[in-house]
**Student:** 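Mind having a look at this structure? Questions to follow.
Protein chains get the first letters and strands the later ones, always in sequence-line order, with residue 1 at the start of each.
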Amino acid sequence: MRRAKSGSLKKTYSGLPVKTYSVSPADYQLLEEVGYGASATVYRAMYKLDNEIVAVKCLDLDRCNSNLDDIRREAQTMSLIDHPNLIKAFCSFVVEHSLWVVMPFMAQGSCLHLMKTAYPEGFEEPVIGSILKETLKALEYLHNHGHIHRDVKAGNILLDNSGAVKLGDFGVTACMFDKGDRQSSRNTFVGTPCWMAPEVLQPGSGYNFKADIWSFGITALELAHGHAPFSKYPPMKVLYGFAF
Amino acid sequence: MSFSFFKPSRGRSSPAELVKAMRDSILALDTKTAAKALEDVEKNIISMRQMLSGDGEAEPSQEQISQMALEICKEDVLSLFVQKLPSLGWDARKDLVHCWGILLRQKVDSTYCCVEYIENHLDLLDFLVVCYNNKEIALNCGSMLRECIKYPTLAKYVLESTSFELFFKYVELPNFDIASDALSTFKDLLSKHETEVSQFLSDHYEQFFELYDKLLTSSNYVTKRQSLKLLSEFLLEAPNSQTMKRYILEVRYLKTLMALLKDSSKNVQILAFHIFKVFVANPNKPREIKDILAKNHQELLMILHNLPVSKDEDEQFEEERDLIIKEIEKNSRLQSSSVSISS
């Protein structure tokens, strides 16, 4: 938790005029599906008021059985961050049973997607270096603001046409400040096995922002090889092999 | 005796000096040199944060934190923080929110001095509530407000203030992040302090539940689902049993829940069941409630039989459902026999 350098960070990013986006679904035209997960689908979409291409993540809330607090936390994290290397939510609103989250559209997709389609053996070293540097800036910002990302991997590092690199998907982010003044350890079990640090896999041990650095290291290997170590094994095997 | 000898000297100003500098820089925001003042305020806020929560290398000193809290109250800087929050930059606001919680928690000479300060400046709470209307700062103010209402006196004030009604509007704001933040504050207000809440509910029963019914029948899926969940959380709490007993006598609220039992969302249906069951299980059902249950018994039985049960739903749910089904069947038999006798 170094705050010493935050002065310079602040000057670079704040003070920009904030563009506001409409929260009416009629102002967005969903074009094609560009990604999907367990309960969410991401679309490329047209923001009609500005003719701007955006991404809209549609989350089926009725498929979230437990409670909606996690979703609230994700939405808040996404609107309380402001960094060029992090995907920020422009806005979010409820449409029938779904939550629509409007985000910048990253035309090149994720690093994972790019490797699958064009670089099955991984990227070249200078490319890896620059992707990692940008990702690290994003993590530094998140950690300085008390967030743990908890799911750093090539699939969550997105690229746009101008070459900008942004870390996305805060579905599992935790807030280190939730329980007290200073960062506390977390006790929950989320993320994707291959990229997860041993302390994240070990239930009850607690972990802090260092878990993201572990995942970051695995991501470095992933970018160099085209896949994460052990990613060809089933998730449960990875869990047992590492943690016990 | 002073032990300042042992303190790491980092060339920092004392809490009192920092608070003074903070006050001057905030007041200068209204002058011609506003840009420079803003820079100073933000610098001071960073120093305050370091003093209150450390900078990653040195642990904060409890003595300095206490002194800081005292000075901030003495110099009215706590009020300035709230009033000037909208003029601050993005990061400064977040730092300020972080410090706010720490300051409120400080107990100096057995009193929470900042909480006491707010008790004497209750308009600050009204200001924070109204800030939900300002998209730019809504989430910051929401966090600050939740820190305040951790303390029973402050929560009681908000519950009974005219500002409280605004929450019924805020939880339905179209921006999901703001609406859901308002809902979490609303939830804290209705669940953190048993005594205050139960007193409030019995004093403002009519007005409160009339507004609450609008949330339950909202066309917004999240509002409907979350308010239903929250209702079961506070209504079924032991200290609120008097309010609950009053609520389950009311036909209009039974009708609301019967409509929710038929909702297209399985989550809403299940949540509705957990309140509906209390109406049915009530051994002293008023005549009108019995009539409605009897009149609709076929449809109700069908809905209850078809309630979606997920795998992890416990046996208790099955048991309760069977009980409610039996009660509705019994009620309809009794009602029809009493009708035939009286006719």
Side-chain angles (χ1 to χ4, degrees), chain A residues 1-4 6-7 9-16 18 20-25 59-69 71-83 89-102 141 143-146 175 177 180-183, chain B residues 38-39 42-43 46-47 49-50 52-57 59-60 65 88-95 97-99 101-102 105 135-136 138-140 142-143 172-181 183-184 187 219-226 229 263-268 270 310 312-313:
Chain A
M1 285 306 301
R2 269 165 215 265
R3 299 280 311 166
S6 63
L9 283 177
K10 189 184 64 210
K11 264 176 228 130
T12 327
Y13 313 128
S14 67
L16 301 166
V18 183
T20 53
Y21 286 76
S22 150
V23 287
S24 160
L59 225 96
D60 184 349
L61 296 173
D62 215 32
R63 293 181 68 171
C64 310
N65 283 329
S66 50
N67 61 44
L68 302 177
D69 289 350
I71 292 168
R72 170 178 67 84
R73 219 164 289 132
E74 178 185 2
Q76 287 181 349
T77 307
M78 284 189 80
S79 45
L80 281 175
I81 52 173
D82 181 22
H83 189 276
F90 295 141
C91 68
S92 52
F93 48 90
V94 179
V95 184
E96 289 165 10
H97 286 187
S98 297
L99 179 69
W100 285 23
V101 184
V102 181
Y141 177 89
H143 294 166
N144 272 339
H145 285 79
C175 177
F177 298 141
D181 305 354
R182 274 160 287 153
Q183 66 198 37
Chain B
L38 189 62
E39 207 171 288
E42 301 193 340
K43 250 185 241 159
I46 290 175
S47 305
R49 184 180 162 134
Q50 281 173 350
L52 293 176
S53 60
D55 58 5
E57 282 155 23
E59 287 289 302
I65 298 177
L88 302 179
W90 177 277
D91 274 349
R93 283 183 205 145
K94 283 172 58 169
D95 282 339
V97 172
H98 181 82
C99 295
I102 301 176
R105 279 193 284 279
K135 276 183 216 160
E136 292 274 298
L139 298 187
N140 304 117
S143 301
E172 293 214 78
L173 284 171
N175 280 289
F176 174 77
D177 50 348
I178 300 175
S180 62
D181 189 280
L183 190 102
S184 83
K187 179 180 171 178
S219 58
N220 181 316
Y221 170 81
V222 173
T223 308
K224 190 163 58 178
R225 178 168 162 190
Q226 295 284 64
K229 179 153 184 285
D263 197 272
S264 61
S265 150
K266 64 180 167 63
N267 286 297
V268 170
I270 295 284
S310 64
D312 40 293
E313 204 78 60

**Student:** Quick check: closest heavy atoms across A:Tyr141 and B:Lys94, and the distance to 0.1 Å?
**Tutor:** OH-NZ, 3.9 Å
**Student:** How close do B:Asn267 and A:Leu61 get, heavy atom to heavy atom, and via which atoms?
**Tutor:** ND2-O, 4.4 Å
**Student:** With a 4.5 angstrom heavy-atom cut-off, is it the side chain or the backbone of B:Asp181 that approaches chain A, or both, or neither?
**Tutor:** both
**Student:** To the closest 0.5 Å, what do you measure between CG (A:Asp62) and OG (B:Ser264)?
**Tutor:** 7.5 Å
**Student:** Nearest 0.5 Å, what's the OG1-CD distance between A:Thr20 and B:Glu136?
**Tutor:** 9.0 Å
**Student:** How many angstroms lie between CG in A:Leu99 and CZ in B:Phe176, if you round to the nearest 0.5 Å?
**Tutor:** 5.0 Å
**Student:** With A:Val23, which residues qualify under side chain to side chain contact (heavy atoms under 4.5 Å, CB included), at least two apart?
**Tutor:** A:Cys91, A:Phe93, B:Pro174, B:Asn175
**Student:** For the NE2 atom of A:His145 and the CG atom of B:Asp95, what is their distance to the nearest 0.5 Å?
**Tutor:** 6.5 Å
**Student:** CG/B:Asp177 to CG/A:Leu80 distance, rounded to the nearest 0.5 angstrom?
**Tutor:** 8.0 Å
**Student:** Sequence neighbours left out, what passes ring-ring contact (aromatic ring centres under 6.0 Å, His included) with A:Tyr21? Give chain and number order.
**Tutor:** A:Tyr47, A:Phe90
